[in-house]
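Take a look at the structure below.
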Amino acid sequence: DFGERTADHAHGIRNHVHRATLHGAVEQRSHFGIHFVLLYPIVGRTGVLLLSRTDDGSLFVSSDVLRIGAVIVAAGMSSRMGDFKPMLSIGSQSIARRIVSTLRQAEAEEIVMITGHNADALERHLEGCGLTFIRNERYATTQMFDSAALGLDYLKDKCGRILFTPVDVPLFEASTARALIDSGAELACPVCDGKRGHPILIAARLVDGILAYSGDGGLGKAMAACGETMIEIPVNDPGSLRDADTPEDYKTLLGMYEKR
């Protein structure tokens, strides 16, 4: 009955939690009369809820673990494109605004954008979008992993799980991000036509281990070494695979958008 009461209470706390399912619980009593639920995920549209209760039966949920965050890396110099990628248009929106809009539709509450090259212009362009901007002042000499690390480190104590994407993958669908969130996975990526795409879902508890990685191979290798298996979530979303590195890539993306 504790499981039923916990699920009911969670629904009361956040009324947009849907289809909650219980996957088991492990309790540990502290010396202060509190039962901490170490493993009690309720997978729903806000992610994984970790709940605790006191001896009198009261339940409490950390608001942070209910939150979905997102990191968009947009610090690069766009050297292969020959133009500033985040502010190129696809349809009526810029690439950067389109990604922000998609993440908002997927219910990402706290979105961090890592800026660097043309930071002033991009931040002005996105003013009013409710973003947190973090600058990688060393963008010209560092890699994407370094920029990603800034955002992941900022969000790790503010959100339960974090969506990550570079800014040049603008056509993934909100339903793809939601599929990752609703999977209940700690580490997950979309797979379309047998290929992995973006965004990537990372549980906040994994961030310190990922950031501790000092080998080669960037974020991909860091995630592979973090001790959690990457769960592949099948999606029918070619946009999750397409980036905009070159003018030819950009033309392909425009063609994909027009066919939608």
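This structure is a prediction, so every number in the text was calculated from the model and none was measured.
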Within residues 167-176 or reaching into it, pairs that qualify as side-chain hydrogen bond (donor to acceptor under 3.5 Å, both in side chains) - sequence neighbours excluded: Lys85-Asp168, Glu173-Ser175, Thr176-Asp237
Aromatic plane relationship, His117 with Phe84 - under 30° parallel, 30 to 60° tilted, over 60° perpendicular: perpendicular
Test item: Lys251 and Leu253 side chains (from C-beta on) under 4.5 Å apart, heavy atoms: no
Greater than 12 external heavy atoms within 6.0 Å of Gln93's CD: yes
CD1 on Ile95 to OH on Tyr250, rounded to 0.5 Å: 6.0 Å
Asp245 side chain reached by Arg80 side chain, heavy atoms, under 4.5 Å: yes
Inter-residue atom distance Phe133.CZ - Arg124.CZ, 0.5 Å rounding: 11.0 Å
Side chain to side chain, Leu187 and Cys226, heavy atoms closer than 4.5 Å: yes
Nearest heavy atoms of Ala108 and Arg104, plus distance in Å: O-NH1, 3.2 Å
Heavy-atom closest pair, residues Ala74 and Leu122: CB-CD2, 3.8 Å
Distance (rounded to the nearest 0.5 Å) between Ser147 OG and Met113 CE: 12.0 Å
For Ile233 against Ala179, the heavy-atom pair lying closest together: CG2-CB, 4.0 Å
Leu241 side, atom CG; Arg196 side, atom CZ - distance, nearest 0.5 Å: 12.5 Å
Residues, nucleotides or ligands: over 12 heavy atoms within 6.0 Å of Arg242 CZ: no
Donor + acceptor pair across side chains of Asp249, Thr246 (<3.5 Å): yes
Least distance between heavy atoms, Phe145 atom then Ala222 atom: CZ-CB, 3.6 Å
Ile181 backbone acceptor or donor facing Arg161 side chain under 3.5 Å: yes
Where Met81 and Ala244 come nearest, the two heavy atoms and their spacing: CE-O, 3.3 Å
Non-hydrogen side-chain atoms of Val191 and Pro234 separated by less than 4.5 Å: no
Pairwise distance OG(Ser240) to CG(Leu180) - rounded to 0.5 angstrom: 9.0 Å
Minimum side-chain heavy-atom gap Phe164-Val73 below 4.5 Å: yes
Donor-acceptor contact present, side-chain Tyr154 to main-chain Asp157, <3.5 Å: no
Exercise: identify the closest heavy-atom pair between Ala148 and Val71: O-CG1, 4.4 Å
Hydrophobic cluster membership, Val169 vs Leu152, 4.5 Å side-chain cutoff: no
Pair Glu228 + Arg205: basic N to acidic O under 4.0 Å: yes
Pairwise distance CE(Met87) to CZ(Arg97) - rounded to 0.5 angstrom: 9.5 Å
